Amino acid sequence: MDAVAVADIKSRRDFHESFQAAMSGAHDTLRALWHFERGQNLPKSYLVEFHPVDSHNDNSTAHSWGTTEVYTALKRATKKYGGEIGKTQDDGLFWLRNSEGPEHEADFVVDCLDPRFLVFHTLSNVEYTDRFIINRLTQYQPEFDLFWFPVSLLERTETRERINGWQAQFRPMLDVDLMIEPDESNEPTIDHAEDESIQYESTEFESSDEPPARLLHRPRLNIDLEYQYAFETYKKLREQPDLLPDMPLSAVLAERSDENATSYARARITSDGKITGRGPDFGSYLQIVSGTLNDYAQVIQRLESKYWIRVDMRHERKSVAISVIGEPFCIRFSHEVDVKRLVGFMFNCSRPFRLMGEVEAIEEDYFTVEAVDLHVNQPVGFEIASTFMRIYLYAGTCGNTLVRIIRSLQHSIDSKLEHPPLA
Amino acid sequence: MPLKELEQINAIVGLSMKIEGWPSTLADLGYVLDRIELKFKIPDPKRAGISIYINPDLLFVADVRNFSLITELKSGRFQGLEQLNRFVSITPKELILYGGMPVRDQSHAMLHKIGVAEIVNDEFLIEYLSEFTRVNHAASLVSLGTAEIKAHHATLTDSRLDAVLKRGVSLRGFHRPTKLVPVLPTSDDEYGLISSVVNAVKLLWLRNTRNITPGVVGGVVFKQLWDRFDRDAHRRYVAITKEVLGDMLQTELHAYLRPVANDNDKWALLELPESVDDRRRTRASQTFADSIQRYKWRRKNNAPYDRSRHSAQVNFEDVPGYLPNKTEADEDK
């Protein structure tokens with residue numbers, strides 16, 4: 001087919017052909033239409049969870065919204081940030097253009113075949129696509145959240161794809177202001193960043209005042225390894241706990257080829273749900289994306305099914321009874337953490353935790369927090385000591401909250417924390 | 001400091017689960033929490049034509065081993081044995097028939113054994129023990145403290161559980177769960193009830209709700225249970241909600257809350273997140289959260305408000321810039 005602009009995509013076939021054309025060698029027309037530079041023909045797919053704030057069914061993990069709700073929410077967002085959205089002939093496929101000025105356009109094809117777990121495919125410039133998805137849509141629209149892959153979920157990619165590369169990153173969050181005198185009072189304080197742009201520009205903690213390495217209790221780490229035995233190397237390193245104490249996977253490089261090995265695609269899957277493709281075959285790339293999404297969706301639904309805590313009241317023939325269903329999700333730290341400082345960071349309304357909460361001391365170094373997940377504005381309870389954390393996911397609260405917390409703790413507090421199986 | 005009733009409930013319910021940082025004494029013996037605040041009637045064995053209420057705090061069932069455990073929790077001083085006397089006379093048939101206790105194998109139903117335990121705070125053990133010994137009560141007396149859970153009197157029908165509790169379960173190094181069972185309108189935990197109202201206001205503010213009523217607060221706190229509580233429970237919780245809202249608007253939350261003129265049951269929420277530019281929303285949320293934290297701390301510690309109180313009569317129409325449009329105002333009606 002001829003290359004078409006995003007607004008001219010009418011069907012999944014149009015979408016597939018456009019992206020296939022880009023991956024197999026973008027031509028100038030396509031580049032102009034999709035706003036990417038020469039050599040930047042990488043398809044990118046942002047995995048985004050959609051959870052309407054007013055759609056909570058507290059007694060069931062089945063969600064009742066459809067593509068209409070997705071469309072309405074995205075229309076509101078594009079109106080707010082500048083842009084437009086349109087429908088295609090396929091009920092589960094939209095196109096979306098975000099435009100914050102003539103030079104800042106980002107085009108997306110939004111696949112909402114599953115209206116809860118969405119994929120925003122794009123060929124546009126990464127600076128503008130990141131800005132819309134990470135710094136606009138999932139930052140300020142509470143219905144939308146990124147996917148968050150704890151280490152065990154990224155490792156599971158190996159069960160679906162060949163892994164030829166990985167990245168591990170650790171930024172010790174509790175070391176960030178080591179030079180500041182600790183607060184001696186028993187009541188912890190919530191740390192509020194002075195500069196709003198710190199929360200605004202990144203999903204991670206940012207500070208230009210990183211402490212010198214000699215002051216760090218946990219090492220800052222950034223490893224990027226690509227070769228055919230890369231994942232075997234990762235496993236060997238992981239089994240040497242004294243060598244690299246914190247080595248959380250932050251991305252894996254997955255590869256898929258057809259049975260004749262004539263075509264292939266590679267995809268870099270990051271722990272915050274962004275997938276970047278390479279190689280000539282869009283079909284293989286799309287299978288990597290879909291496999292990642294499906295696995296994640298099953299995990300979230302399973303977590304909600306098992307860990308939603310709800311109180312039920314039964315009026316039976318001759319009796320009244322209240323029962324509690326569900327159980328807290330428990331995390332055990334591999335080393336004692338500075339819990340006063342941890343709660344200060346976790347509940348300050350900022351990314352990556354995205355939690356608001358009031359901390360109350362029950363005992364020395366044992367705190368309880370009545371928090372709100374700012375993704376869906378639903379309550380979530382915490383009990384936190386230096387060796388463990390209990391998370392009470394009240395019915396209706398999004399399962400994404402759990403994986404967001406685990407993933408964020410692994411990358412900045414304790415990569416070797418233990419938690420119940422996710423899958 | 002003695003535990004409050006809700007704290008006791010959470011501590012004991014936690015024993016029936018395998019959760020990090022807390023013993024699983026009941027779970028290890030197959031006990032599962034079946035009911036909280038079970039309330040049912042059985043025929044009074046001493047008075048013809050009269051039924052008596054049975055209202056144990058917690059009922060645990062180990063259906064594979066064919067045991068159940070009725071527990072009564074007492075957070076304060078000794079006040080009598082009336083309910084406990086009723087519990088020890090319940091038969092398995094009555095518990096199944098009137099209490100709705102599940103039975104896995106019907107053929108074993110009549111062999112089912114019921115244990116009864118009164119659980120008290122360590123601080124009051126001596127006076128309870130004195131009374132239990134004096135009347136030689138059939139129920140087990142179990143103390144709950146920061147260091148240990150231990151049985152001191154009588155014998156439970158489940159000999160394995162009895163042996164474990166007589167030996168004592170150490171709680172040193174453990175952290176008791178506090179959130180398994182939420183506050184109920186009937187609770188005597190005053191701060192728990194206040195905190196629940198504040199949490200609801202927080203949620204409603206984050207959800208950009210312009211007007212709230214005690215009923216709305218109750219619905220947020222108790223969800224689908226709210227409509228199933230009886231009139232007394234409603235009345236009690238509504239009164240607490242009004243007191244808390246009235247106090248909040250005069251003190252730490254004055255910037256966020258106002259009474260609605262000519263409507264005693266309605267309050268307006270102000271400075272909502274939707275009214276703030278994206279880039280300032282995180283900071284606005286942090287400021288609101290600080291106010292909530294300060295308010296909760298003061299109420300928890302029964303501390304006086306250290307500034308002069310704002311007028312309780314200044315309603316939302318006195319706030320510059322607060323102009324709900326007509327459509328929304330109509331919808332709220």
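So that the names make sense, note that chain A is the first sequence line, chain B the second, and so on, each numbered from 1. Nothing here was measured: the structure is a model prediction, and the numbers come from that model.
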Problem set entry | Minimal non-hydrogen separation, B:L180 against A:V324, with atom names | O-CG1, 3.6 Å
For this session: State whether the side chain of A:R332 and the backbone N or O of B:E20 hold a donor-acceptor pair below 3.5 Å, judged by distance alone.
Result: no
For this session: Would you name the heavy atoms of A:Y81 and B:D278 that are closest together and state the gap between them?
Result: OH-OD2, 2.6 Å
Problem set entry | Considering all heavy atoms, the nearest A:V369-B:K179 contact | O-CE, 3.6 Å
Problem set entry | Atom pair OG1/OH of B:T178 and A:Y392 - distance to nearest 0.5 Å | 5.5 Å
For this session: Please lay out, stage by stage, how B:R294 and A:E358 fare under the test side chain to side chain contact (heavy atoms under 4.5 Å, CB included).
Result: CA-CA 9 Å; B:R294 286 199 308 275; A:E358 306 83 53; over 6 Å; no
For this session: Answer with side chain, backbone, both or neither: which region of A:F329 has an atom nearer than 4.5 Å to a non-hydrogen atom of chain B?
Result: neither
Seminar exercise, completed: In this structure, OG1 of B:T282 is separated from CZ of A:R351 (nearest 0.5 Å) by 9.5 Å
Seminar exercise, completed: When the 4.5 angstrom heavy-atom criterion is applied to B:L59 and chain A, the contacting part is neither
For this session: Return yes when atom NZ of A:K416 has more than 12 non-hydrogen atoms of other residues, nucleotides or ligands closer than 6.0 Å, and no otherwise.
Result: yes
Problem set entry | Minimum heavy-atom distance B:K300-A:A361, with the two atoms named | NZ-O, 3.6 Å
Exercise. When rounded to the nearest 0.5 angstrom, what distance separates OH in A:Y366 from CZ in B:F174?
Worked result: 12.0 Å
Exercise. Looking only at heavy atoms, what is the nearest atom pair of B:L206 and A:N377, with distance?
Worked result: O-ND2, 3.2 Å
Problem set entry | A:E370 and B:K202 ion-paired at < 4.0 Å | no
Exercise. So do B:P182 and A:V311 actually touch side chain to side chain, heavy atoms under 4.5 Å?
Worked result: yes
Exercise. Counting heavy-atom pairs under 4.5 Å to chain B, which of A:M356, A:R390, A:E327 comes out on top?
Worked result: A:R390
Exercise. Relative to chain A, which segment of B:P273 carries a heavy atom at a distance below 4.5 Å: side chain, backbone, both, or neither?
Worked result: neither
For this session: Tell me, for B:F288 versus chain A, whether the close heavy atoms (under 4.5 Å) come from the side chain, the backbone, both or neither.
Result: side chain
Exercise. Going from OH on A:Y394 to NZ on B:K223, what distance comes out if it is rounded to the nearest 0.5 angstrom?
Worked result: 9.0 Å
For this session: Check whether any side-chain heavy atom of B:Y191 lies under 4.5 Å from a side-chain heavy atom of A:E360, and answer yes or no.
Result: yes
Exercise. So how far is it from B:R279 CZ to A:Y140 OH, rounded to the nearest 0.5 Å?
Worked result: 7.0 Å
For this session: With rounding to the nearest 0.5 Å, note down the distance linking CD1 in A:I362 to CD in B:E7.
Result: 8.0 Å
For this session: Check whether any side-chain heavy atom of A:S323 lies under 4.5 Å from a side-chain heavy atom of B:L33, and answer yes or no.
Result: no
